[in-house]
Amino acid sequence: MRRKSYPFCFIVLVIFLNFSSRRVNGGGVFKVDSKFAGLGKSLSAFREHDSLRHLQLSAGVDLPIGGTGRPDAVGLYYTKIGIGTPSEDYYVQVDTGSDIMWVNCINCQQCPRTGYRGLELTQYNPKDSLTGKLVACDQEFCKEIMRGSSGCTANETCLYTEVYGDGSFSMGYFVEDFVQYDRVSGDLQTQSANGSVIFGCGAGPSADLSSSDDALDGVLGFGKANSSMISQLASSGRVKNMFAHCLDGVNGGGIFAIGHVVQPKVNMTALVPNQSHYNVNMTAIDVGHATLIIPREVFMLEDETGAIIDSGTTLAYLPEAIYQPLVLKILSWQPDLKLQTVHDDYTCFDYSESIDDGFPPVTFHFGNSLLLKVYPHDYLFPFEGLMCVGWQNSGVLSGDKKNITLLGDLVLSNKLVLYDLENQTIGWTDYNCSSSITLKDEITGSVHLVGAHSISSASNKSAQKAFIFVFLMALLHGLCSDL
Ligand SMILES: *[C@@H]1O[C@H](CO)[C@@H](O)[C@H](O)[C@H]1NC(C)=O
Ligand SMILES: *[C@@H]1O[C@H](CO)[C@@H](O)[C@H](O)[C@H]1NC(C)=O
Ligand SMILES: *[C@@H]1O[C@H](CO)[C@@H](O)[C@H](O)[C@H]1NC(C)=O
Ligand SMILES: *[C@@H]1O[C@H](CO)[C@@H](O)[C@H](O)[C@H]1NC(C)=O
Ligand SMILES: *[C@@H]1O[C@H](CO)[C@@H](O)[C@H](O)[C@H]1NC(C)=O
Ligand SMILES: *[C@@H]1O[C@H](CO)[C@@H](O)[C@H](O)[C@H]1NC(C)=O
Ligand SMILES: *[C@@H]1O[C@H](CO)[C@@H](O)[C@H](O)[C@H]1NC(C)=O
Ligand SMILES: *[C@@H]1O[C@H](CO)[C@@H](O)[C@H](O)[C@H]1NC(C)=O
Ligand SMILES: *[C@@H]1O[C@H](CO)[C@@H](O)[C@H](O)[C@H]1NC(C)=O
Ligand SMILES: *[C@@H]1O[C@H](CO)[C@@H](O)[C@H](O)[C@H]1NC(C)=O
C-alpha cells in the first residue's frame, strides 16, 4: 500500500488533449470529453487509405500477456510488442482506459533500464529504425488529435502529453513505424505480422515511471477513441474492431486477443453513448438471493454516465448509497466478525474458514439482462493475515470522483470480457482464463483457438511483497484543477 490514492490529475492540455489514466490509485472520474467524441471519421478514413496497406490481419491478433491484477501483488498487465526495422521488443502496459500507444524514446535520460519484475527495458529510437518516421503537424492524424487547438503548423512535429490518474505522464511526439504482432494463423498458432501504426515517442519520464518496480517501456491504450492501436489496425477492414480479455486472477497472465470472438458466447449490453470510457447502465444489485434496496436515482447519478468497466483498475468503487448497504448486507452473513480498518482504507477481519461458504456472491444487473456475478473469493482478499473487503466507497473521494461507479479487476478477473467497438456493446461471462477462446476469421469464415499466456514468471515473491495498488484506468481532463 505504498501508493495510496488519487492524484487524479489526467489530461493536461498541451497540444493534445487526452483523458486516460494508466494507473489510478483510488477512485476515478468521468465525464464526456467532447474533444474526443467524433474524432473518428477522417482519422479512420485516412488510416485506411494511408497507413494500413501492409497489414495482414484476418482472424485476429494474439497479444501475449503477463502480470497480475491481484491487489496483494504489483497489479498490472502488460504485453510484448515488436517495433521498427529491425524489430525490437517492448513491454507495454495494456490499458483499456487510455487511447494511445507510446513507448519511451531514446532521449529519455532518466528512464529506468530495468523494470517490473526485472524486465529489460528498451528505448525506441526512430532513427535506428529503417521504417521509423516523424508524424508532422499537417498530417491528418495530428490534425484530428489537435482539433480545436492552434499553433501547430506545416512541418512541425506532432506533440502529445498524456497524464494518467496516478500522476504519471508521458510527453513527446508522434512517430509512425511498423509494429510486429502475432497474427492468429491456426489453432493455438500465430505468425508474425506487421502493420504501420502511429504512436507516441516519450521524450521524458514522469516521476512515477522512473521508479523501476512497476516500470515498463510504455502503454498500449485500448480505449474507445480512434487513435488507439486497435482502431488503427481495425480500420484496415480485415479484423473486427473487437477485442477480449480474460485476466487470470489466480495464475496471472491470461488471454488478450483482438478479433471476432465466437466462443465462448457472451451476452452483451449497450455502451452508454458519448462517454470516453466503457460505461454501462447498472440497474440492480443482489447479495445472495436478496436484492439490495437502492433508490433508483442512485444508478442515475453523474449525468447518467453509468458504471465504468475498467480492467485497468484493480478494485471496485461504488457510490456511498450502494457501498454502505452492500457491505452491511455482506457482513451480516457473519455477525460476529470483529472489523478493523487497515491502512486507513480497508475493512478487514479475521476469518479462517472458507469464504465462499461463509459469504454471499454479489450479482450486478445491467441493461439487456446482463449479469455480473462476483464471488467472495473475488471481492475478499487476504492481507496481513486478515481478510479484507475489496469494495471501495467512492463517496469518500473528492470532487468529480465522488460517488462514481467503477468496476475493475476485482470483478472482471476470471471472466471473458468482450468489447465490441463496432456495435458499441460490451459483455462478459465466467470463464477459465487458463483455457482458450475461439476467434473467427472474417475472410475465410474459419475459426481458430487462441490460448492463454503468462509471459513472465507469475510469482516473483520479491515483487509480490510490495503491496501496491496499480490501477489502469481512464479518466478525463479537467481534474487537475480539482487537486
Ligand atoms: C471512430 O470512427 C468511426 C468510423 O469513422 C466512428 O463511427 C466513431 O464515432 C469514431 N469513434 C470515436 C470515439 O470517435
Ligand atoms: C523479482 O523482482 C525483483 C524486484 O522487483 C527483481 O529484482 C528480480 O529480478 C525479479 N526476479 C525475477 C526472477 O523475475
Ligand atoms: C520547415 O519549414 C520551414 C519553413 O517552411 C523550412 O524553412 C524548414 O526547412 C522546414 N524544415 C524541415 C525539417 O522540413
Ligand atoms: C512486414 O511483413 C511483410 C510480409 O510478411 C514482410 O515482407 C516485411 O518485411 C515486414 N516488414 C517489417 C518492417 O517487418
Ligand atoms: C444470456 O442471457 C440469456 C437470457 O437472457 C441466458 O439464458 C443465458 O444463460 C445468458 N448466457 C450467458 C453466457 O450469460
Ligand atoms: C441507460 O439508462 C437510461 C435511463 O434509464 C436510458 O435513458 C438510456 O437509454 C440507457 N442507456 C443504454 C445505453 O442502455
Ligand atoms: C453524442 O454527442 C453528439 C455530438 O456531441 C450528439 O450529436 C449526440 O446527440 C450525442 N448522443 C447522445 C446519446 O447523447
Ligand atoms: C454521494 O452520495 C451520497 C449518499 O447518497 C450523497 O449524500 C451525496 O450528495 C452524493 N454526492 C455527490 C457529489 O453526488
Ligand atoms: C452487430 O450488430 C449487427 C446489426 O445489429 C448484428 O447483425 C451483428 O450480429 C452484431 N454483431 C455482433 C458481434 O453481435
Ligand atoms: C482451466 O483450463 C486449464 C487448461 O485447459 C485446465 O488445465 C484447468 O484444469 C482448468 N481449470 C478449471 C478450474 O477448470
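Everything numeric in this text was worked out from a predicted model, so none of it was measured. All residue numbers refer to positions in the sequence shown, counting from 1. Hydrogens, waters and symmetry mates play no part in the numbers below; they use all other heavy atoms, side chains included.
The side-chain heavy atoms of Val219 and Val92, taken from C-beta on, include no pair separated by under 4.5 Å. Between Asn423 and Met268, every side-chain heavy-atom pair lies at or beyond the 4.5 Å cut-off. Taking 4.5 Å as the limit, every side-chain heavy atom of Asp310 sits out of range of all side-chain heavy atoms of His277. The shortest distance between side-chain heavy atoms of Thr157 and Leu159 falls below 4.5 Å. When side chains are defined from C-beta on, Ile198 counts as touching Gln232, because their heavy atoms get closer than 4.5 Å.
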Please report the C-alpha distance between His453 and Asp62 in whole Å, then the side-chain angles of each, then the deciding distance to 0.1 Å, and finally whether the side chain to side chain contact (heavy atoms under 4.5 Å, CB included) criterion is met. CA-CA 10 Å; His453 302 274; Asp62 179 4; 2.9 Å; yes

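Residues Tyr317 and Ser394 come closest through the heavy atom pair CB-CB, 4.1 Å. When all heavy atoms of Ile255 and Cys433 are compared, the closest pair comes out as CG1-O, 3.9 Å. Across all non-hydrogen atoms, the minimal contact from Val179 to Tyr181 is O-CD2, 3.6 Å. Contact detail for Leu410 and Val374: the closest heavy-atom pair is O-CG1, 4.1 Å. Smallest separation of non-hydrogen atoms from Ala270 and Thr425: CA-CG2, 4.1 Å. Nearest heavy atoms, Gly200 versus Tyr160: CA-CE2, 3.4 Å.
Residues that satisfy the side-chain hydrogen bond (donor to acceptor under 3.5 Å, both in side chains) test with Tyr419, not counting sequence neighbours, are His245. Checked against salt bridge (Lys or Arg N to Asp or Glu O under 4.0 Å), Asp89 has the following partners two or more places apart in sequence or in another chain: Lys80. By the side-chain contact (heavy atoms from CB on, under 4.5 Å) test, Gln191 is found to be paired with Arg183, Ser185, residues two or more places apart in sequence or in another chain being considered. Partners of Tyr431 under the ring pair (Phe, Tyr, Trp, His ring centres under 6.0 Å) rule, at least two apart in sequence or in another chain, do not exist in this structure. Contacts of Asn414 classified as side-chain contact (heavy atoms from CB on, under 4.5 Å), with partners at least two apart in sequence or in another chain: Asp248, Val250, Asp378. The side-chain contact (heavy atoms from CB on, under 4.5 Å) test applied to Ser129 returns Thr85, Tyr124, Thr131, Asp177, not counting sequence neighbours. The side-chain contact (heavy atoms from CB on, under 4.5 Å) search around Asp128 returns Asn125, not counting sequence neighbours. In this structure Phe222 satisfies the ring pair (Phe, Tyr, Trp, His ring centres under 6.0 Å) test together with Phe243, Phe256, sequence neighbours excluded.
Sulfur atoms SG of Cys158 and Cys137 are positioned 2.5 Å or more apart.
Here the straight-line distance linking atom CG of Leu220 with atom CE of Met229 works out to 4.5 Å at 0.5 Å rounding. One finds the OG atom of Ser231 at 13.0 Å from the CD1 atom of Ile100 (value rounded to the nearest 0.5 Å). The line from CG of Leu318 to CG of Asn393 is 8.5 Å long, rounded to the nearest 0.5 Å. Atom CD of Glu384 and atom NE2 of His343 lie 4.0 Å apart (nearest 0.5 Å). Separating the OH atom in Tyr77 from the CD atom in Gln93 is a distance of 12.0 Å, to the nearest 0.5 Å. To the nearest 0.5 Å, atom CE of residue Met101 and atom CZ of residue Phe174 are 11.5 Å apart.
Between Ile437 and the options Leu449, Val450, Val266, a side chain to side chain contact (heavy atoms under 4.5 Å, CB included) holds for only Val450. For the side chain to side chain contact (heavy atoms under 4.5 Å, CB included) criterion with Trp428, the lone passing option out of Leu418, Val411, Val417 is Val417. With Lys415 as reference, Leu372 is the one residue of Leu372, Thr429, Leu247, Asp409 to meet the side chain to side chain contact (heavy atoms under 4.5 Å, CB included) rule.
Between Tyr116 and Tyr78, the ring centre distance stays below 6.0 Å.
Judged by distance alone, the side chains of Ser170 and Glu162 never bring a donor and an acceptor atom under 3.5 Å apart.
With Thr79 contributing its side chain and Pro64 its backbone, the two residues share a donor-acceptor pair below 3.5 Å. Under the 3.5 Å distance criterion, the side-chain polar atoms of Gln424 are left unmatched by any main-chain donor or acceptor of Glu422.
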